[in-house]
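Model, not experiment: these values are computed from the prediction. Lettering of chains follows the sequences in order, A, B, ..., and the numbering in each one begins at 1.
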Number of protein chains: 6
Amino acid sequence: MTALVTLGESMAVVAASTPGPLAPGKPANLSFAGAEATVAIGVSRLGHSASWIGRVGADAAGTMIVHGLRSEGVDVSHVHVEPDLPTGLMLRERRTADHTRSAYYRRGLAGSRLAPGDIDERLVSSARLLHITGITPALGRTARDAVRRAVDIARRAGVVVSLDVNYRALLWSRDDAADELGFLVRQADLVFAGPEEARLLVDEAPPEETAQALTALGPQQAVVKLGAEGALAAIDGAVLAQPPVPVTVVDPIGAGDAFVAGYLAAYLDGASPAERLLTAATCGSFAVSVQGDWEGLPRREELSLLTGDDVIR
Amino acid sequence: MTALVTLGESMAVVAASTPGPLAPGKPANLSFAGAEATVAIGVSRLGHSASWIGRVGADAAGTMIVHGLRSEGVDVSHVHVEPDLPTGLMLRERRTADHTRSAYYRRGLAGSRLAPGDIDERLVSSARLLHITGITPALGRTARDAVRRAVDIARRAGVVVSLDVNYRALLWSRDDAADELGFLVRQADLVFAGPEEARLLVDEAPPEETAQALTALGPQQAVVKLGAEGALAAIDGAVLAQPPVPVTVVDPIGAGDAFVAGYLAAYLDGASPAERLLTAATCGSFAVSVQGDWEGLPRREELSLLTGDDVIR
Amino acid sequence: MTALVTLGESMAVVAASTPGPLAPGKPANLSFAGAEATVAIGVSRLGHSASWIGRVGADAAGTMIVHGLRSEGVDVSHVHVEPDLPTGLMLRERRTADHTRSAYYRRGLAGSRLAPGDIDERLVSSARLLHITGITPALGRTARDAVRRAVDIARRAGVVVSLDVNYRALLWSRDDAADELGFLVRQADLVFAGPEEARLLVDEAPPEETAQALTALGPQQAVVKLGAEGALAAIDGAVLAQPPVPVTVVDPIGAGDAFVAGYLAAYLDGASPAERLLTAATCGSFAVSVQGDWEGLPRREELSLLTGDDVIR
Amino acid sequence: MTALVTLGESMAVVAASTPGPLAPGKPANLSFAGAEATVAIGVSRLGHSASWIGRVGADAAGTMIVHGLRSEGVDVSHVHVEPDLPTGLMLRERRTADHTRSAYYRRGLAGSRLAPGDIDERLVSSARLLHITGITPALGRTARDAVRRAVDIARRAGVVVSLDVNYRALLWSRDDAADELGFLVRQADLVFAGPEEARLLVDEAPPEETAQALTALGPQQAVVKLGAEGALAAIDGAVLAQPPVPVTVVDPIGAGDAFVAGYLAAYLDGASPAERLLTAATCGSFAVSVQGDWEGLPRREELSLLTGDDVIR
Amino acid sequence: MTALVTLGESMAVVAASTPGPLAPGKPANLSFAGAEATVAIGVSRLGHSASWIGRVGADAAGTMIVHGLRSEGVDVSHVHVEPDLPTGLMLRERRTADHTRSAYYRRGLAGSRLAPGDIDERLVSSARLLHITGITPALGRTARDAVRRAVDIARRAGVVVSLDVNYRALLWSRDDAADELGFLVRQADLVFAGPEEARLLVDEAPPEETAQALTALGPQQAVVKLGAEGALAAIDGAVLAQPPVPVTVVDPIGAGDAFVAGYLAAYLDGASPAERLLTAATCGSFAVSVQGDWEGLPRREELSLLTGDDVIR
Amino acid sequence: MTALVTLGESMAVVAASTPGPLAPGKPANLSFAGAEATVAIGVSRLGHSASWIGRVGADAAGTMIVHGLRSEGVDVSHVHVEPDLPTGLMLRERRTADHTRSAYYRRGLAGSRLAPGDIDERLVSSARLLHITGITPALGRTARDAVRRAVDIARRAGVVVSLDVNYRALLWSRDDAADELGFLVRQADLVFAGPEEARLLVDEAPPEETAQALTALGPQQAVVKLGAEGALAAIDGAVLAQPPVPVTVVDPIGAGDAFVAGYLAAYLDGASPAERLLTAATCGSFAVSVQGDWEGLPRREELSLLTGDDVIR
């Protein structure tokens with residue numbers, strides 16, 4: 001039995017090492033990324049078993065992703081290898097120290113071929129949590145159907161469903177996204193969204209009201225992620241505010257997914273709503289304190305580093 | 001008037017800096033590559049004007065390619081920017097110090113959209129040399145037609161046509177390649193091929209006979225590139241052997257294109273066949289002495305560094 | 001016709017990669033720099049043609065400078081190569097993260113040999129803007145005369161003259177500088193100066209009054225650059241304040257020249273005084289967000305990155 | 001059921017990145033190493049399940065080792081974490097490009113605390129192969145007893161026992177080593193040794209006779225590793241010579257362990273003696289073609305890269 | 001005659017170059033560190049002769065330490081080389097940009113073998129200052145006796161004794177530390193302590209009272225180091241507050257030892273208490289502005305860089 | 001008493017880290033170099049005291065040189081700091097892996113100001129060996145006079161004089177060099193020269209005869225350095241050939257100076273001619289096995305690494 005199951009696309013990442021326009025000779029670093037993979041790694045580092053379902057190519061990038069997830073203890077036995085398509089790739093320019101711009105090589109590649117047949121019923125139905133994002137259904141029809149099938153299995157088995165809205169304007173239209181995400185949020189027990197993303201589902205309003213409006217759609221837990229301003233949540237009828245945990249920012253990417261990972265791990269711990277949000281904010285701060293999307297995520301014994309009395313020596 | 005005109009695809013290159021499997025955190029270097037771009041840069045460094053025709057995306061990779069070519073003095077005024085497609089990309093793993101493996105992200109991307117309308121008649125007809133490769137017609141129908149149109153303009157204007165067979169098995173079948181390359185070689189005045197590639201056009205035979213057989217198809221100059229063993233040419237009826245120019249190899253990629261650049265630059269100089277081959281071999285050795293496809297190409301005043309009496313101090 | 005013409009010295013730069021005293025084994029990065037070259041690159045990236053006049057040595061550093069400027073689209077057809085003198089060089093120690101100390105190798109070297117004969121009358125007289133700095137006349141007598149000749153041609157042809165005071169105490173005395181810069185400012189239509197530099201020309205006063213006092217010397221536009229506090233300008237009789245555009249600082253060098261580039265590009269656009277100052281401040285912030293003097297300068301489509309709604313994705 | 005079980009010590013490795021004496025500011029790379037861990041990784045990359053038993057500290061180095069092994073698919077569920085002792089560490093100076101010198105921090109640290117209780121009877125008795133080395137019994141009395149217990153379990157269960165002599169003069173005396181290794185070789189079915197090491201067990205003789213003499217002690221398979229000269233084996237009564245597989249050497253460390261990994265994986269495949277030796281030599285060459293002890297080891301589909309017709313592309 | 005004599009342990013340092021968990025392939029930098037070595041280097045850079053007494057192994061790390069100290073002009077003629085023990089080592093993970101975690105390899109190694117016989121009576125008795133820290137007596141009995149012997153010689157010869165409390169909880173218990181440090185502080189003329197450390201010796205109180213209470217134990221000068229909040233001192237009966245000197249922090253480690261170095265150098269200059277504290281705070285800021293414990297320490301002519309009018313150029 | 005005294009110029013070195021033309025962003029490494037400094041360091045590492053006399057600027061490069069020499073135990077108490085001139089600098093492009101090209105910034109800078117007054121009579125007259133090169137007298141008239149003065153003191157005091165011809169065509173004409181070097185060789189007891197350099201002094205001939213001809217000018221020991229072919233010497237009437245010591249070459253620069261250092265150190269040891277040549281060749285091989293001119297030089301205990309039985313472990 002795996003505590004958390006998630007599904008989606010992971011891509012190779014080529015990230016320029018220093019700020020400035022791309023140029024011949026510029027150094028870069030390799031890694032991989034994917035919103036759901038980050039959540040799986042984060043939950044695993046905090047001590048709960050996690051499984052990631054997805055497709056990668058039969059190439060060096062695909063091997064890197066499988067090895068990387070396995071290194072973190074994430075179950076990769078449900079990863080499918082596409083023999084004839086390359087693994088997706090993201091080329092990241094750090095245009096300034098604060099602004100990253102990415103070119104995506106993903107359309108029609110291995111990750112987007114995720115299909116309902118990839119979803120193992122036994123795996124999903126025996127999990128405690130299914131986590132999905134709004135990226136996966138935007139990858140194509142079969143990927144959308146895979147998400148629906150996973151949600152369907154989960155609901156029938158009484159598995160808690162978590163949805164991170166994660167709207168990607170490059171992948172589909174607002175209307176298509178609103179339709180599908182509207183359908184998914186109604187199946188979900190937990191929902192995470194940024195203020196902009198939430199407008200796909202509910203009317204514009206202050207974060208507090210947005211969170212409450214999201215719960216009116218079905219989920220008992222709705223968290224509005226406010227970036228550098230923390231988060232605001234409506235959980236089991238109560239509204240809670242979570243300020244950010246202070247840290248020196250090295251790379252802002254991955255904060256939102258790390259936040260979700262922290263929340264879900266604490267939820268699996270049986271922690272209180274306030275503890276879930278604090279763990280979430282702590283994980284978000286860990287993520288941005290290290291280069292890469294998931295590399296900085298905390299292990300359980302490290303959580304107190306940012307919030308406790310640990311001082312440098 | 002531009003001395004050499006060439007057309008094709010250039011892609012961003014992400015090359016792992018050290019040998020070994022790709023892994024999170026592994027360092028890489030950015031650059032760009034393209035067989036025809038390497039020829040244009042090589043000819044330009046040796047003092048002849050060169051123009052490269054191709055399409056790039058409106059992204060950081062495309063800007064890098066245009067800047068890089070311009071930096072080398074290559075005319076980029078006929079480069080077309082595709083507003084909605086990314087620039088192609090190549091991810092290179094150095095599996096061992098000797099073995100490179102690449103994943104290509106090029107299908108359907110900006111570079112493959114080259115089309116006949118991109119070929120400026122005035123530019124081509126006023127050139128002294130048109131250089132084409134067997135890669136471009138393999139990119140798609142419009143790219144093939146662009147090559148044909150360029151050749152057609154050149155022949156009508158009495159411009160010398162150079163063809164590097166450059167067979168890419170990933171892009172098209174042997175049969176398709178044999179057809180199109182068979183057509184092109186008959187229009188060409190110069191032809192370059194490896195022994196394997198030559199078999200698309202002529203029967204298997206020792207390099208000497210292969211070179212002669214290629215001239216029987218039309219070209220007055222045929223060069224069989226033998227890699228670490230140098231080259232063997234049939235030029236204006238005579239057969240010449242060119243041994244390699246010794247150098248410490250840093251990165252074997254790009255040697256063949258550098259060879260062609262050297263040959264064509266010397267041809268534009270009015271050099272003798274033997275001098276052309278020596279310049280070609282020298283350029284090949286320069287290319288492999290530096291990381292990257294074109295970065296190591298020599299400027300005219302540097303040619304004597306490998307072959308002359310210059311010693312280290 | 002080139003929109004902007006400028007002249008001066010560009011030097012190779014060796015900049016220690018990390019803060020701390022120089023030591024054997026310390027890593028560094030190569031580049032090149034020059035106040036006028038930065039302005040030319042900045043104007044070119046923003047879409048206006050620019051030409052840089054100067055002398056470099058027949059060495060690797062000189063080639064790097066010519067290639068670098070050409071890469072950025074700057075016209076280098078008026079660069080002169082000195083056969084027997086090395087290109088100047090600057091060795092930069094980052095003593096702390098905030099303090100850079102440079103050793104200059106420039107006296108008597110190629111760049112300082114700039115002479116009146118290097119100034120092409122046709123080039124200057126057909127430009128829209130001539131930009132000069134107070135560094136060039138300090139390089140030596142022939143360089144001073146080259147500046148005077150350029151200004152003379154410009155004025156006779158009705159070309160707008162821009163002067164950045166850029167006083168370099170290492171190169172000449174305050175008195176010599178005050179004499180020559182006093183002469184030049186009276187020929188200029190635009191003048192840029194820091195508060196300290198302005199005292200060479202006008203009495204000490206608050207920035208606002210300083211700007212106005214500078215216009216009293218002749219220029220219709222005077223901008224007092226205040227570094228981290230922005231700028232204060234007197235333009236066509238009106239006084240404008242420009243706050244800085246916030247950004248994470250990676251390398252503070254080059255901000256002033258980037259500011260001038262932005263101002264002049266917007267002036268060439270026909271932008272209003274307030275828009276000129278905003279573009280100037282934006283370019284200054286881009287420059288300091290990336291290592292190097294000019295590497296971070298924005299292309300036109302990037303300008304909105306710092307001031308607009310673009311968020312990290 | 002795990003195909004191969006092995007036990008021993010893994011240490012963090014700090015390896016200077018470039019040749020030369022250690023000095024402040026010199027760059028280094030982190031990794032981990034251990035003869036048995038290299039064998040486990042090599043066997044796992046070639047497609048057989050492998051389990052590594054050992055102790056690491058509750059520190060960053062220990063986490064790195066566990067993650068690294070898990071990344072490679074090696075079962076780490078029998079790794080014990082010592083709460084109060086640091087993980088061992090090796091500091092490697094590359095004194096020249098050809099000569100590495102290591103300082104060891106291992107005495108009394110976590111890895112040397114391996115004890116009989118760490119050996120899971122079920123794990124060992126259900127394996128197909130138990131692999132041990134002469135390093136582990138040299139770590140201390142409890143480690144020696146752990147090895148004996150593992151061998152005892154294996155022999156009783158009919159599990160094939162493989163021994164790499166791996167004599168470490170820093171850890172124990174020749175006499176102690178000869179005693180214990182003499183005992184172990186008599187329990188083994190396969191034995192690997194260098195010519196020097198073999199003298200602990202048999203009289204000095206040419207490699208061919210050495211291999212045969214080793215089999216006279218009990219093992220049916222004895223391989224004498226000859227480094228750059230390949231290997232010589234006595235297998236099931238026949239003598240076989242294996243020349244080295246040519247490759248550019250990047251880092252000579254790890255070749256011997258990679259050789260063993262290749263041999264054992266091929267043995268698990270049911271390959272012939274000659275195939276075992278070829279796979280062994282191929283793995284040795286892969287290992288030295290990449291920096292690090294195990295990083296370069298081949299996956300099954302890569303084996304043909306060095307020995308087949310694959311050419312650079 | 002050496003102005004300052006100090007004694008203690010110096011260790012090799014392996015510091016991960018970038019934030020994040022240790023992982024195979026992660027880059028690191030080598031250096032060395034030791035509280036007393038940092039003080040000796042700092043005092044030497046500020047122009048006073050300094051001698052460091054300690055033991056290192058006969059290995060690359062030991063050579064690096066001796067060379068590094070000698071490079072800085074520190075007298076190393078009283079360093080003893082242990083033939084059979086490795087030099088201690090510290091492995092530093094930068095878990096986030098703000099949090100460093102170190103694993104220590106020092107127990108029983110060369111540095112901890114410091115013994116009374118290592119203390120040259122002539123060297124100590126002819127010095128102006130003896131500086132000791134609370135780390136050295138915690139290394140073991142012989143090291144403790146070496147400190148006592150040095151203090152004894154100093155007091156008999158009228159040499160000023162400086163003590164930095166530097167309590168290391170990993171090395172000894174609070175009780176043992178309180179005993180020995182209580183003994184040492186009574187012999188000292190100057191004492192430095194953090195607020196936490198001071199509680200080993202005096203009752204908890206605000207820093208001002210703490211400083212005064214420390215002087216009540218004997219020293220005429222007591223400085224309470226408050227990290228980012230500066231320092232508070234009781235010197236010759238007067239209480240002085242020293243705010244921190246602002247600087248961009250690159251690496252917070254080493255600030256305290258740099259502070260002591262600055263204070264002692266100014267004391268050797270004959271500077272006033274206020275000047276001593278300002279020099280101390282300036283040195284602390286220099287130290288944190290550069291990677292490494294001592295690399296950033298200022299030379300005398302650099303002191304004004306942070307506090308004077310020097311601006312970036 | 002210092003065993004070896006030498007005098008000359010040391011310069012900062014900026015060496016591109018990777019082969020290829022210089023370009024913005026290319027990484028480089030800082031160090032320093034000087035033929036005489038390399039000899040001093042080499043002799044010091046092999047256990048004899050050495051003193052280097054020269055001038056450096058009051059800048060970061062000068063400090064780096066003094067620290068670097070002091071780090072190696074070289075006496076720098078006779079180094080003079082020029083307050084107003086920068087330290088010389090060398091910019092090294094590695095055009096290919098085998099060919100380095102340097103631009104020199106030395107004319108009129110601090111190092112060339114060496115003057116007779118810098119030569120301390122007591123230092124020179126109490127040495128066992130004075131080592132000079134043909135570079136120093138080429139730096140200018142005062143430097144030439146400083147060399148003459150040093151030689152004069154040495155001869156009067158019976159100090160052995162060693163001369164490395166080291167002809168630098170960029171610094172003076174063949175005729176001037178032949179005059180001055182002809183004068184110096186007649187004062188020398190030992191002379192080192194390459195075959196080309198020797199022709200300044202003796203007629204062209206095979207190396208064996210060249211060595212003998214050099215001794216006919218005065219020196220009892222003459223060594224002709226043959227680079228990759230070793231050396232040929234005429235010592236005390238006998239002719240000896242020294243083959244090179246095999247090693248993987250990382251950076252060929254510095255081999256000749258390292259050879260001299262090894263020879264002189266062995267001479268100071270009282271070693272036989274054959275031993276001197278072997279030590280010389282070993283040092284030459286160490287030097288080229290590491291990046292930089294002197295960084296790879298061996299310490300005494302390391303000499304056996306290349307020639308002995310040490311194997312990699």
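For the atom pair D:Thr18 OG1 and F:Asp251 CG, the distance stands at 11.5 Å (nearest 0.5 Å). Atom NZ of D:Lys26 and atom CD of F:Glu295 lie 8.5 Å apart (nearest 0.5 Å).
For the pair F:Thr248 and D:Thr96, the minimum side-chain heavy-atom distance is 4.5 Å or more. The shortest side-chain heavy-atom distance between D:His99 and F:Leu306 falls under the 4.5 Å cut-off.
Counting non-hydrogen atoms of neighbouring residues, nucleotides and ligands closer than 6.0 angstrom, the CZ atom of D:Arg199 exceeds 12 such neighbours.
Closest approach of D:Pro19 to F:Ser289, counting heavy atoms only: CB-O, 3.5 Å.
Counting only residues at least two apart or in different chains, salt bridge (charged side-chain N to carboxylate O under 4.0 Å, His left out) contacts with residues 38-65 of chain F comprise F:Arg45-F:Glu72, F:Arg55-F:Glu82, F:Arg55-F:Asp118.
When heavy atoms are compared at a cutoff of 4.5 Å, D:Arg95 approaches chain F by way of both its backbone and its side chain. For F:Val250, the part sitting under 4.5 Å from any heavy atom of chain D is the side chain, from C-beta outward, and nothing else.
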